[in-house]
Amino acid sequence: FSFLAYYVYKNIKVDPLFLKVFSIGILSESLIAFVEFLNKSSIGGIFYFLGERSFNSSTPNIANANINGELILRPYATFSHPNVLGAFLLIGISFILFFAKPKNNLERLLFYAAVFIGSLGLTLTLSRASLFGLSLLIIFKLILQLKNRSIKYAAFLLITIASVVIFALPYFNRFTSFNFSDESFVQRKDLTIAAGSMIKDNPVFGIGINNFLTELPNYYRSNKTFYLQPVHNIFLLTFAQIGLIAGVMFIIFLFKTFSIAPKDMKFILFFVFFLGFFDHYFLTLQQGQILFALIIGLCFVKPNLVK
């Protein structure tokens, strides 16, 4: 993935083709998510070969959301988890909103459709962190467009954020209610405590790369169901696996990357930091790792990111 980031740095720019490909990806993944949500199961067929898992709402360990006592299936599309799908849609929408400069009506239609449909698709994932990031992104861009008196663009963004709010209303309880006894909080708390114990016992060199899961049974202190998952924080996961010395070097590298990144890429890298504070997929799942490498590589592209 380091070589991939280096290749991106040397060969890739956020040009119109890059944005069109991302837009098509956003639209296709969002439409798959819509069908899965309505079916309450995977689609199957050719989509299995494109990466879709086989599942329904009763599949063990599948991601459901408890909304007012009812289990709601969170769509995966062709990703390994709804949270990863949410991150992909958030990052893709960010690229379009920050860099797209449509030259004709067809490009404008494609980019606008990707932002609008992608925002609704992201809402269906019920990923709280991604949806919060999307809200910040659109509100920020809306303020900028109003300041620049780009009324049509501002109206589009206003319609988009209003549609997201309306779309999310039936699941509003998911985003407003919070209980320390919630399964997701208890799970994250137990994994965080385990990660802290690993760091305490192995402060210099850590437990070794990719050894978190193998060491977890020795540190898991919960009396409840055992969760064989990485800690949901890429920074804690880094320190636990490679120790404080290498972990500090990694953090310094990230902040150095942030400091030299083009202005708009800073926002996108910030979303990686923000999402990574609540989940682990940027370091543990291939789709998240590819997305992370792509963003890191683009942060070093200078002076002009857009052709």
Open item on the list: Set out, in order, the CA-CA distance, both residues' side-chain angles and the distance that settles side-chain contact (heavy atoms from CB on, under 4.5 Å) for Leu236 and Met198, then state yes or no.
Closed with: CA-CA 10 Å; Leu236 285 177; Met198 292 180 193; over 6 Å; no
Open item on the list: I'd like to know whether Asn83 forms a side chain to side chain donor-acceptor pair (under 3.5 Å) with Arg74, so could you lay out the CA-CA distance, the side-chain angles of the two residues, the decisive distance to 0.1 Å, and finally the verdict.
Closed with: CA-CA 9 Å; Asn83 289 347; Arg74 298 174 60 195; 2.5 Å; yes
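Residues Phe167 and Tyr171 keep their aromatic ring centres 6.0 Å or farther apart. The ring of Phe274 has its center closer than 6.0 angstrom to the ring center of Phe132. Taking the six-membered ring for Trp and the full ring otherwise, Tyr76 and Phe55 have centroids separated by under 6.0 Å. Checked against the 6.0 Å centroid threshold, Phe18 and Phe22 count as a close aromatic pair. Between Tyr281 and Phe88, the distance from one ring center to the other does not fall under 6.0 angstrom.
The line from OG of Ser197 to CD1 of Ile207 is 11.0 Å long, rounded to the nearest 0.5 Å. The CD1 atom of Ile260 sits 12.0 Å away from the CZ atom of Phe258 when rounded to the nearest 0.5 Å. Rounded to the nearest 0.5 angstrom, Leu291 CG and Leu275 CG are separated by 9.5 Å. To the nearest 0.5 Å, atom CD1 of residue Ile62 and atom NE2 of residue His81 are 8.0 Å apart. Between atom CD of residue Glu36 and atom CG of residue Asn56 there is a gap of 11.5 Å, rounded to the nearest 0.5 Å. Note: Phe1 CZ to Leu283 CG = 10.5 Å, rounded to the nearest 0.5 Å.
The aromatic rings of Phe250 and Phe292 sit perpendicular to each other, their planes meeting at more than 60°, with 30° as the lower class boundary.
Results of the side-chain contact (heavy atoms from CB on, under 4.5 Å) test with Ile26 over Leu122, Val21, Leu110, Leu89 single out Leu89 as the only residue that passes. With Ser80 as the fixed residue, the side-chain hydrogen bond (donor to acceptor under 3.5 Å, both in side chains) test singles out one of Arg53, Gln286, Gln287: Gln287.
The shortest distance between side-chain heavy atoms of Phe212 and Thr284 does not fall below 4.5 Å. Ile32 is listed as a side-chain neighbour of Phe47, based on a closest heavy-atom distance under 4.5 Å. When side chains are defined from C-beta on, Leu157 counts as touching Leu97, because their heavy atoms get closer than 4.5 Å. A heavy-atom distance below 4.5 Å is not found between the side chains of Leu136 and Phe140. For the pair Gln289 and Phe282, the minimum side-chain heavy-atom distance is 4.5 Å or more. Considering only heavy atoms from C-beta on, Lys141 stays 4.5 Å or farther from Leu146 through its side chain.
Side-chain contact, Tyr219 with Asp201: a donor N or O sits under 3.5 Å from an acceptor N or O.
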